[in-house]
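First the structure, in the form of structure tokens, and then the observations on it.
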Number of protein chains: 2
Amino acid sequence: MKSPTAAPEPSASNVKGAQTLMRALDILDEVIAGPVRSADLARKLDISKTTAHRLVQALRSRGYLSITKDGFALGPKLLQLGVHATEQIDFVRVATPFMTELSHETGFCVFVGKREGDWSRHLERITGTQRLRVATAPGDRRPIAETGLGKALLLDEPEEVWEVLYRQSREGSVTKKEVAAFISHMRQHASAGYVQHDSELGDSVRSIAVPIRDARGKIAIAISVASAAHYLTEQVKPTLTAAIIATAAKIGEAVGQTQIR
Amino acid sequence: MKSPTAAPEPSASNVKGAQTLMRALDILDEVIAGPVRSADLARKLDISKTTAHRLVQALRSRGYLSITKDGFALGPKLLQLGVHATEQIDFVRVATPFMTELSHETGFCVFVGKREGDWSRHLERITGTQRLRVATAPGDRRPIAETGLGKALLLDEPEEVWEVLYRQSREGSVTKKEVAAFISHMRQHASAGYVQHDSELGDSVRSIAVPIRDARGKIAIAISVASAAHYLTEQVKPTLTAAIIATAAKIGEAVGQTQIR
DNA sequence: CGATACGTCACGCATTATGGAACGCCTTTT
DNA sequence: AAAAGGCGTTCCATAATGCGTGACGTATCG
């Protein structure tokens, strides 16, 4: 059985014997914000002008930096790496440790999922400590407008799309009033940045879901906590919601989401 | 006066005193193709298993690599850097040295430009050795369907867009036949990958233009050689075209264009 | 026309990174 | 079942690597 501790992540300071590399990466971090002069780098990172110069030239020779009239900027090589990273990165794998952490903190069961056309696909589940479990398993596919997780994946869509998908999930048998209510709720969710969803199947399943955006700001996946309404009461909701949002923010940061501005 | 030699580019081997960094970047280069095991890296790069391990852990601790079940893959940090690089990179600055080289090789005048809505903006010009010069100057804006450079920027657009922009450049006074001819020519250009354009103003200006794509494959800028038809004869055209295409390829590589597939 | 600040180069010292050896854990082979 | 091989990991002595001091040429500013 797996030990409960998460994967041993080398926490940056953990790693010894790569000073040159670390300093070079520090430089890249500084340059993210915008062009920086070599001398400024030396000061901010507290290294000698010479070292800054050497590292900057090395990075430039590899295309990681380029020279502009007001200092060094990110270079073309990073475009290439960025594109390939997009293809290679497994969002779920990145998210899993954070989900585990959340599950341990709260005791609830945590899910991740992504959009597949008009469906939402559940990709991974971290089981919590509660006896009563939501049956949804990794691999399950549900109409996207029908789950909290799915709705979180739709938060950036225009209202017309919401309507179409909602009608689709109800297979047409739906009143105008219901549609209007759905849209209205989605609007609230979108402005709040998270979704609270009560199952319409009468099984008292309640979930809270939050979308996670990739580096381009596009919603890539969503995480959700789902449980019986018996556990997920109005009292615990505020704290829990905050915890989920915090976790989503951490994951977002880990997948390179541009900082909130 | 500037020396005729291009900017002193640190040509990778030029840079000394950054072994650790260079090896780490070599690792990233290997991983671009797909997940690689740490031991394989040690072999391919001819370094000890220990060193490979240390570098890989360092890169991972910073998010440049991530662990997958079949080795190390590019990490989420590269998404972030990629996005910011897209904002920061000055394609013209990257292109200029290559354009200079082309100009010296051929003697012709070389231009770069980008698209601005329905216009093409000339951004930089490397003057050649010829007495007779095309007057277009950096900063000039022309209707996009009216110049070779502009047409190169449109090669990926659907035919409807070609038609709209062509009519626009002619201010409506255009026959169906002319439109059909334009579309037909554009089709040829698109499949050839370059544009040959003879000015319709009767000034005997002829140009050859090639688009340059960014890391996502989207046309970002275009370069062109323009001259009096007196210089740009049918005899020199094949050689010149090949040279321009080669230069465009080099620039494309420099801005991280995914290899031709 | 000094004064400041930047990028660049050369050089000697010691900090830093290197590879060998060895270990535990797996899967594959015998 | 045992042996063999491959992988990721840790420890350690060694010297090679990367560090900062100092100095030079050049632009920017007052």
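Hydrogens, waters and symmetry mates play no part in the numbers below; they use all other heavy atoms, side chains included. Residue numbering restarts at 1 for every chain, and letters A, B, ... go by the order of the sequence lines.
The shortest distance between side-chain heavy atoms of B:Asp140 and B:Arg121 does not fall below 4.5 Å. At a threshold of 4.5 Å between non-hydrogen side-chain atoms, the residues A:Leu45 and A:Arg23 do not count as touching.
At a threshold of 4.0 angstrom between heavy atoms, the contacts of A:Thr50 include nucleobase atoms, whether or not backbone atoms are also involved.
Regarding A:Leu45, its CG atom lies at a distance of 11 Å from the P atom of D:dG20, rounded to whole Å. For A:Ile27 and D:dG18, the CD1 to P distance is 14 Å, given to the nearest whole Å. In this entry the distance linking NE2 of A:His53 with C1' of C:dA10 reads 13 Å, nearest Å. Atom CG of B:Asp26 is separated from atom P of C:dT18 by 12 Å (rounded to the nearest Å). What separates CZ of B:Arg54 from P of C:dG20 is a distance of 13 Å, to the nearest Å. Here the C1' atom of nucleotide D:dC19 and the CE atom of A:Met22 are 18 Å apart, to the nearest Å. With rounding to whole Å, B:Leu21 atom CG is found 14 Å from C:dT16 atom C1'. Residue B:Leu41 contributes atom CG, which lies 14 Å from atom P of C:dG19 at whole-angstrom precision.
For C:dT16, the OP1/OP2 oxygens have no side-chain nitrogen or oxygen of A:Thr20 closer than 4.0 Å. Side-chain N/O atoms of A:Arg60 include none lying less than 4.0 angstrom from OP1 or OP2 on C:dT8. Between C:dG7 and A:Ser38, a contact under 4.0 Å exists linking OP1 or OP2 to a side-chain N or O.
Partner of B:Val210 under the side chain to side chain contact (heavy atoms under 4.5 Å, CB included) criterion, chosen from B:Thr241, B:Ile251, B:Thr247, B:Ile245: B:Ile245.
Toward the 5′ end of DNA chain C lies the nearest nucleotide of A:Phe72, the other residue of the pair B:Gln19 and A:Phe72 mapping further downstream. If you find the closest nucleotide of DNA chain C to A:Ala39 and to B:Asp46, the one lying nearer the 5' end belongs to A:Ala39. In this structure, B:Val36 and A:Thr51 both approach DNA chain D, and ranking their closest nucleotides by distance from the 5' end singles out B:Val36.
With hydrogens and angles ignored, no donor-acceptor pair closer than 3.5 Å exists between the side chain of B:Ser48 and the base of C:dG20. Counting distance only, with no hydrogens placed and no angle test, the side-chain atoms of B:Lys49 and the base atoms of D:dG8 include a donor-acceptor pair under 3.5 Å.
Looking only at distances, a side-chain donor or acceptor of B:Gln88 sits under 3.5 Å from a matching main-chain atom of A:Leu74.
Atom CD1 in A:Ile27 sits 14.0 Å away from atom OH in A:Tyr64 (nearest 0.5 Å).
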